[in-house]
Amino acid sequence: MKAIVKTALVTALCLCAAGVMAGEISNTDIRASNADNQATAKDAKALQHIGVTFGSGKITNSDIHARYATNYANGEGSTAHQDIGRALNGGTMDNVSVHAGRAYNQAYGKGSTAEQQIGSVAYGTMKDVNIYANRAVNKATGEKSTARQQLGVVEGGTMKNVNIYAEDANNLASGKGSTAEQKVGVVSY
């Protein structure tokens with residue numbers, strides 16, 4: 001009998017913990033314009049997250065402002081990862097505006113990686129969303145560098161009534177053996 005009670009208690013605690021993992025941003029105005037994040041030296045990692053939910057997260061009825069947000073990683077094997085307005089792992093974005101014009105993300109050095117994601121959902125739904133990413137820049141500079149830029153992207157889900165403004169957005173990988181990939185307004189499964 002004690003084993004059954006203990007098993008039930010452990011199960012209940014695990015379910016409560018799983019519920020807490022789902023983040024939510026609702027009826028919120030996030031102001032992070034000109035935010036600056038930097039990491040330097042070999043294998044440096046600059047990770048910038050503005051208006052992001054993890055674990056079946058939801059972003060609803062909110063505005064996220066991150067114009068001119070900058071994120072830099074300098075050094076061999078460096079990583080610059082910039083997330084602005086993202087709902088991950090079964091997430092939802094509904095009635096949201098993401099303002100990230102002139103956001104700048106850069107990794108510099110041999111084998112560097114720059115990844116910029118503005119207004120995106122992983123394995124969920126994006127509905128009634130406006131994404132402003134005009135002149136967003138993502139750069140990876142150095143031999144065998146990789147640059148990935150995703151603006152208004154849904155991976156494994158649906159997009160409905162979404163406006164994406166990404167005029168003059170720039171994604172660059174420079175150096176021998178480098179790779180650049182840019183996605184704007186893409187739904188993939």
Side-chain angles (χ1 to χ4, degrees), residues 30 32-54 57 59 64-89 91 93 98-124 126 129-157 159 162-189:
I30 297 171
S33 293
N34 296 306
D36 183 44
N37 186 50
Q38 299 182 31
T40 61
K42 184 176 180 181
D43 298 323
K45 288 182 179 30
L47 309 173
Q48 185 179 56
H49 306 285
I50 301 171
V52 177
T53 62
F54 300 92
I59 305 174
I64 300 163
H65 300 268
R67 290 181 188 98
Y68 296 95
T70 56
N71 189 52
Y72 296 99
N74 292 316
E76 184 178 337
S78 65
T79 300
H81 183 94
Q82 184 180 52
D83 287 342
I84 301 172
R86 291 194 72 208
L88 301 171
N89 305 326
M93 288 181 82
V98 179
H99 304 269
R102 294 184 186 251
Y104 191 91
N105 188 55
Q106 179 177 332
Y108 179 81
K110 181 179 180 180
S112 64
T113 300
E115 187 165 8
Q116 181 182 57
Q117 299 184 39
I118 299 172
S120 67
V121 172
Y123 307 105
M126 181 184 291
V129 173
N130 291 306
I131 300 162
Y132 303 92
N134 295 330
R135 297 187 178 175
V137 174
N138 186 58
K139 291 183 179 181
T141 307
E143 185 178 336
K144 295 184 180 178
S145 63
T146 302
R148 279 185 231 96
Q149 184 182 53
Q150 296 187 16
L151 311 173
V153 172
V154 175
E155 296 172 359
M159 181 186 294
V162 173
N163 299 300
I164 303 161
Y165 305 94
E167 288 87 358
D168 298 320
N170 182 278
N171 187 54
L172 171 70
S174 64
K176 182 179 177 181
S178 295
T179 303
E181 179 183 22
Q182 182 182 53
K183 293 180 181 180
V184 179
V186 173
V187 176
S188 61
Y189 289 93

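Keep in mind it's a predicted model, so treat the numbers as computed, not measured.
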Q: For Val129 and Met93, work out which heavy atoms get closest and say how close.
A: CG2-O, 3.8 Å
Q: Please state whether the rings of His99 and His65 are parallel, tilted or perpendicular, taking 30° and 60° as the class boundaries.
A: parallel
Q) Taking the side chain from Asn134 and the backbone from Glu167, do they hold a donor-acceptor pair closer than 3.5 Å? A) yes
Q) Can you tell me how far CD of Glu143 sits from NZ of Lys176, rounded to the nearest 0.5 angstrom? A) 6.0 Å
(Q) Other residues, nucleotides and ligands only: do more than 12 of their heavy atoms fall within 6.0 Å of OH on Tyr108? (A) no
Q | Pairwise distance NZ(Lys45) to CG(Asp43) - rounded to 0.5 angstrom | A | 6.0 Å
(Q) Tell me whether Asp83 contacts the main-chain N or O of Val52 through its side chain, where contact means a donor paired with an acceptor under 3.5 Å. (A) no
Q) At what distance, to the nearest 0.5 angstrom, does NZ of Lys183 lie from CG of Asn171? A) 11.5 Å
Q.
Within the structure provided, determine whether Val184 and Ile164 are in side-chain contact (heavy-atom separation under 4.5 Å).
A. yes
Q) Has the side chain of Asn138 got a donor or acceptor atom that lies under 3.5 Å from a matching backbone atom of Gln106? A) no
**Q.** Where Gly85 and Val98 come nearest, the two heavy atoms and their spacing
**A.** CA-CG2, 4.2 Å
Q. Under the criterion side-chain hydrogen bond (donor to acceptor under 3.5 Å, both in side chains), which of Gln117, Gln116, Gln82 is the partner of Gln149?
A. Gln116
Q. Regarding Thr70 and Asp36, is there a side-chain donor-to-acceptor distance under 3.5 Å anywhere?
A. yes
Q) Between Leu172 and Ala147, which heavy-atom pair has the shortest distance, and what is it? A) O-CB, 3.3 Å
Q.
Once ring pair (Phe, Tyr, Trp, His ring centres under 6.0 Å) is applied, do any residues pair with Tyr72, and if so which ones, sequence neighbours excluded?
A. Tyr104
Q.
Could you report the tightest heavy-atom contact between Thr141 and Ser174, atom names first, then the distance?
A. CG2-OG, 3.3 Å
Q: Kindly compute the distance separating CZ (Arg148) from CG (Asn105), expressed to the nearest 0.5 Å.
A: 11.5 Å
(Q) Measuring only between side-chain heavy atoms, which start at C-beta, is His49 closer than 4.5 Å to His81? (A) yes
Q) What are the two closest non-hydrogen atoms of Gly91 and Val121, and how far apart are they? A) O-CG1, 3.4 Å
Q: Please test Arg102 against Arg67 for side chain to side chain contact (heavy atoms under 4.5 Å, CB included), starting from the C-alpha separation and ending with a verdict.
A: CA-CA 6 Å; Arg102 294 184 186 251; Arg67 290 181 188 98; over 6 Å; no
(Q) A side-chain contact here means heavy atoms from C-beta on lying under 4.5 Å apart; do Asn130 and Val162 qualify? (A) no
**Q.** Between CG on residue Asn163 and CD1 on residue Ile131, distance to nearest 0.5 Å
**A.** 9.0 Å
Q: May I ask you to test the Ile64-Ile84 pair for a side-chain heavy-atom distance under 4.5 Å?
A: yes
**Q.** Salt-bridge present (Lys110, Glu76; N to O < 4.0 Å)
**A.** no
**Q.** Leu151 versus Ala169, closest heavy-atom pair with distance
**A.** CD1-CB, 3.6 Å
Q: Starting at OG of Ser120, measure out to CZ of Arg86 and round the result to the nearest 0.5 Å.
A: 3.5 Å
Q) In terms of side-chain heavy atoms, does Ser78 have a donor or acceptor partner in Ser112 at a distance below 3.5 Å? A) no
